[in-house]
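I am attaching a structure below and will ask some questions about it afterwards.
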Amino acid sequence: MCCALREESSQSMPLEMMGLFSRRVSVELWRLWSVSGTRHFSIGTFPTGQVCSSRSFSSGRYLRTDAFQPDQGDKIDLDLWKSVMRSQTAVDESIEEDKEQVKKGDSTDSPSGCVLAATRELVSMWRQAGKLVPDKITDEDVKTLAELTTKSSKKKYLKFLAIREGHKNKSKEKQEKKRAEREQRLAEFPETLENRPPVKNSFLMQYRDHWLDRLLGWRGAQAMNFGQPLVFDMSYEAHMTPQELTNSVSQMLEVESCNRRSLDPFHLHLCNLQPEGGYRQQLVKRYGEDAWDRLLITETPQRHVDVFPQEQLVYLTADSPNVLRTFDPSKVYVVGAMVDRSIQTGRSFATAKRLQMATARLPLDQFLRWEIGAKTLTLDQMIRILLTIKDTGSWEQALAFVPKRKHDGFYQEKKQSERGGTAGRDRGDRYPQRDQRERQGSAREPWGAGRGGQDRGVSGKGVGMAWEREYKQPVTRIRSSQNTTTEDRRRTDKTRTPWYQQD
Amino acid sequence: MCTKGIKPGERKSPPRKNDTTIRQTESFKVRQMPSFPTSVFAAGNAKRTTEMLKRKTALASLEQEDAAGDQPRRRGFKTDGLVAPDRPLSPTEWKKQLEEAPCSPERFDVHMMTLLFKTGAELDIAKSLLTFVALETGTMSYQLLLQYLTLCVKGGHDAEALDCYQIMRGAFPALETGASSLFIKAFSRTESWREALPILRDMKKVIAPSTRNYSDIISGALLHGAAAPAWQLYDEVLGEGLTPLPDTWRALFEGGARGGRAEEEGGISPAEYGERLLGVLGYMRDNQVYPERNLADAIKTWFHSLPGHHWRGEWTTVSPKGVCKGCGSELESIQLTPEEYTHLEARVMADIIQGKDVFQKTTAEELESFKAFVKRKPVFDVVVDGLNVANIVKGRQSEMLLAVVCELERQGLTSLVLGRKHMLRPSASWDRRNMGLIQKKAHCFFTENTSEDDPFLLYATLHSGNHCRFLSRDLMRDHKACLPDTLTRRLFFKWQRGHQLVIHGTVAQGRRVGFQMISPYDTIVQSTGVSWHVPYDDSVDRSSYEVPQSWLCLTNKP
């Protein structure tokens with residue numbers, strides 16, 4: 001094959017000659033020649049039937065203007081690019097030899113080094129092939145990449161790295177631009193005592209960030225002493241992918257900050273948080289060792305059932321058959337700290353079943369016209385909902401934190417008193433007969449004696465008084481909301497006391 | 001727990017039939033409709049059902065289509081606004097194109113090459129583009145060459161691809177996977193197919209080559225009569241745990257039919273080659289592979305070409321009783337062997353019901369109570385998925401369930417109805433009287449509302465022995481997926497095809513309930529020594545949980 005090629009190309013002498021020059025020279029020559037405006041193609045047809053043209057630099061028989069006339073049936077040397085590329089390889093070879101030596105140097109160390117070098121090379125070639133690949137890749141990333149088994153997983157990981165790199169570069173660019181602008185400004189108006197901008201005069205006292213921090217700190221400390229506990233169950237690490245774990249850690253950060261900034265924070269308990277587990281490691285890494293130690297939350301490797309009395313605990317899970325109708329301040333609610341992109345139905349409900357805990361789900365169906373998506377919520381949405389329901393007692397306000405894309409507004413037309421009894425059947429409740437039974441005041445309890453405490457857990461009333469609860473419920477809700485509003489007022493009053501007096 | 005909610009009087013007198021009649025289990029037959037092709041497991045059934053449903057909602061879909069038609073075409077393609085030339089252009093003409101092009105001049109070459117590939121342009125046009133780029137910039141990017149190469153390989157210009165190989169090898173330190181795959185394809189089609197082997201070896205350093213790569217080389221080797229390396233590569237594919245492509249098998253069978261120069265290569269004798277091909281058929285049997293029509297053609301041709309034998313192949317179907325219409329022989333039974341049965345029973349208990357967390361699907365106490373319930377009761381003939389059967393007709397669920405239970409009772413079968421506890425609470429759909437009658441006529445077990453009932457169904461059926469069947473429309477795919485290994489999954493599927501009853505058609509009020517027929521034979525590649533039966537796909541409509549209905553019957557008649 002090679003032989004045939006050489007024969008073929010040797011018939012176009014000038015090209016061969018070009019190949020002897022270095023790349024730059026040959027291109028320059030070609031430019032000069034093409035700019036001169038005289039072109040000459042002589043066409044030769046070879047016995048093989050292949051059309052091949054040879055070209056000379058002298059302008060011979062035909063003289064042409066620069067304007068090209070395509071209808072003349074000119075032939076273009078179609079294989080010219082091959083010789084250009086071949087000439088290039090001769091130049092590159094010397095450089096490559098050096099490279100290969102370098103490569104051999106680090107690849108002969110160990111078989112793993114060989115794999116890493118090959119992976120790095122693959123990345124560089126993919127970059128050249130126009131795939132979405134980061135420009136720089138660290139050794140650690142290469143190692144992760146080499147451990148991935150399939151081609152698609154490698155591509156996905158590289159894409160992820162590339163996108164992350166893009167974000168980093170962009171923010172870096174922004175910073176540089178800002179810095180340059182500032183320096184320019186300083187250069188134009190050097191900051192001296194005379195031309196410093198005047199201090200703004202205001203009748204308001206300036207409020208500094210650390211004052212706020214101190215205030216929030218006090219609130220947190222208060223919550224740790226007297227606040228209602230809220231448990232996050234951190235035992236689902238084994239059921240999450242590394243990516244999901246990272247996501248859930250981000251959500252936990254948001255949960256903590258939300259709670260800290262709220263008027264009346266929960267006393268957050270992170271239960272089942274293993275000291276050596278990935279969850280804690282990532283949390284500490286994200287907060288920093290010191291900040292983590294200063295956080296006003298309780299972390300424990302113990303189970304929630306060991307920390308709190310069983311009858312106080314209520315596990316909030318989307319798979320529960322019980323609807324949380326009223327928020328009970330005397331209960332300890334448990335939220336499973338898990339992100340499951342591929343929805344693992346019944347995962348946290350299984351935990352609750354195993355530990356024989358009471359369970360409840362948010363009254364999403366009762367209040368929202370649900371449209372799309374699973375009835376799972378992120379952790380930060382969960383804490384916002386819980387904080388609001390605790391503060392205001394109004395589900396309408398609390399469920400405003402459910403993502404808007406998932407529902408089409410609230411059931412406005414229903415009055416509160418109507419909501420209790422028939423809600424389930426009308427709105428596609430999963431266990432529609434439940435309310436009906438309760439209204440009939442049936443003495444039987446076919447829901448299983450094993451988890452008899454669950455109903456009690458939700459509303460704080462005995463099972464036998466189920467019917468009573470159904471009818472009293474609206475009243476209690478109104479009352480509780482009144483309570484909370486008055487409490488709110490009192491609390492806000494307290495918080496409105498000047499910061500300097502509080503300290 | 002199981003009989004909770006039933007009035008005490010009813011509980012004392014469970015719906016007992018004469019034990020003597022029940023024990024005739026071996027000879028019992030559920031009345032089935034002779035309409036086998038519409039079985040839920042027949043190839044194309046799922047597709048037909050979907051299309052029927054689509055037709056039902058035709059109006060809605062028409063509206064949707066109109067809405068889709070109004071939307072503007074998706075914009076933002078990189079090749080938008082570019083026009084591919086219809087003949088090779090000179091550098092000056094290309095330059096003009098470049099100046100007029102709407103995209104950035106740096107990416108013009110790549111975009112144009114993509115467009116040429118998309119429009120299936122002639123190779124000469126691409127070459128002229130390359131020449132223009134080479135002259136303009138003095139070099140060309142890897143990406144451009146890669147796209148050119150794709151164009152070459154797609155158009156079958158192998159010589160050009162080999163040329164490209166020389167150039168790219170020289171100009172770049174290494175080849176990435178895309179180029180390697182293309183080169184392997186191109187080399188395998190030519191005399192110099194052996195060149196593809198080092199490329200494959202290089203690929204292995206970084207990623208596992210795909211079955212397509214292997215398939216290309218194997219067909220290349222066989223095309224040039226080198227059987228030994230082809231089989232070596234085939235073994236490698238199996239060793240990697242990959243499933244060979246149908247094309248690989250076809251190449252192997254076609255290679256076998258050609259015979260050829262196998263001996264001179266110092267490789268494989270025709271006898272050994274034949275043995276190995278029979279091994280391929282064995283692999284298909286073990287892995288429940290159903291060849292497509294063209295592969296079945298190749299198999300048939302190979303059998304015909306065997307010297308010294310008189311194999312005769314025939315495209316045929318199988319009667320509902322399991323007799324091949326071609327040769328009149330009976331096919332393998334679908335029943336599991338006792339060992340297989342015990343294995344399956346153990347796996348279903350361990351993996352489907354208990355799994356990693358028994359609380360995921362039920363609770364520990366409930367499972368124990370169910371086990372005790374099953375032990376206490378006599379052996380069942382049919383286990384009914386109560387909710388599944390009842391929900392065929394919305395609104396009068398209990399009537400439907402009662403009709404089915406009555407039908408089973410009429411046939412003298414001991415049945416178990418599984419349901420959830422909420423069914424016991426009287427309502428419009430769950431009539432108290434109907435539920436009472438059902439509990440009289442059949443054994444009943446009601447699980448917690450928060451438990452799944454399917455695992456209990458599977459357990460009760462398997463526990464009652466090989467004759468017991470279950471009634472449900474559910475194809476149990478989610479439960480099949482819980483099984484860890486493919487062997488058990490195949491066993492489960494085989495058992496399911498032999499034991500699942502499905503209600504036939506619609507059930508009108510007052511009419512008897514009919515069931516779809518259960519196929520008595522196994523749809524799998526099988527041999528009796530003097531004959532081979534190969535089920536093959538003759539349409540593309542088959543879902544993975546269906547089995548083909550057409551067979552290739554091969555008989556050796558002296």
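A, B, ... follow the sequence lines: proteins, then strands. Residue 1 opens every chain.
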Item to check | B:Ser210, part contacting chain A, at a heavy-atom distance under 4.5 Å | outcome: neither

Checklist entry - Is it true that B:Arg420 and B:Glu448 have a side-chain N and a carboxylate O under 4.0 angstrom from each other? => result no

Next on the checklist: With salt bridge (Lys or Arg N to Asp or Glu O under 4.0 Å) as the criterion, how do B:Glu160 and B:Lys127 come out once you've worked through the C-alpha distance, each side chain's angles and the decisive distance to 0.1 Å?
Outcome noted: CA-CA 10 Å; B:Glu160 193 61 31; B:Lys127 276 183 178 178; 3.3 Å; yes

Checklist outcome for this item: Of the listed B:Lys96, B:Glu176, B:Met168, the one with the largest count of heavy-atom pairs under 4.5 Å with chain A is B:Glu176

Checklist entry - When you look at NZ of A:Lys131, are more than 12 heavy atoms from neighbouring residues, nucleotides or ligands closer to it than 6.0 Å? => result yes

Next on the checklist: Students often mix this up, so state it plainly: with edges at 30° and 60°, are the rings of A:His239 and A:Tyr236 parallel, tilted or perpendicular?
Outcome noted: tilted

Checklist entry - Which one of A:Gln344, A:Lys151, A:Arg347 has the most heavy-atom pairs closer than 4.5 Å to chain B? => result A:Arg347

Item to check | B:Ser181 and B:Asn213 side chains, donor-acceptor separation under 3.5 Å | outcome: yes

Item to check | Greatest number of heavy atom pairs closer than 4.5 Å to chain A - which of B:Leu129, B:Thr362, B:Thr177 | outcome: B:Thr177

Checklist entry - If you tally heavy-atom pairs under 4.5 Å against chain A, which of B:Val358, B:Val206, B:Leu144 wins? => result B:Val206

Checklist entry - Is it the side chain or the backbone of B:Tyr148 that comes within 4.5 Å of chain A heavy atoms, both, or neither? => result side chain

Checklist outcome for this item: Nearest heavy-atom contact between B:Phe445 and B:Ser369 is CZ-OG, 4.1 Å

Checklist entry - With only heavy atoms counted, which part of A:Ser124 is less than 4.5 Å from chain B, the side chain, the backbone, both or neither? => result neither

Checklist outcome for this item: Applying a strict 4.5 Å limit to non-hydrogen atoms, the region of B:Leu123 in contact with chain A is neither

Item to check | Contact origin within B:Leu146 toward chain A - heavy atom pairs under 4.5 Å | outcome: side chain

Next on the checklist: Looking at B:Lys421 and B:Asp453, is there a salt bridge between them, counting it only when a charged N and a carboxylate O are closer than 4.0 Å?
Outcome noted: no

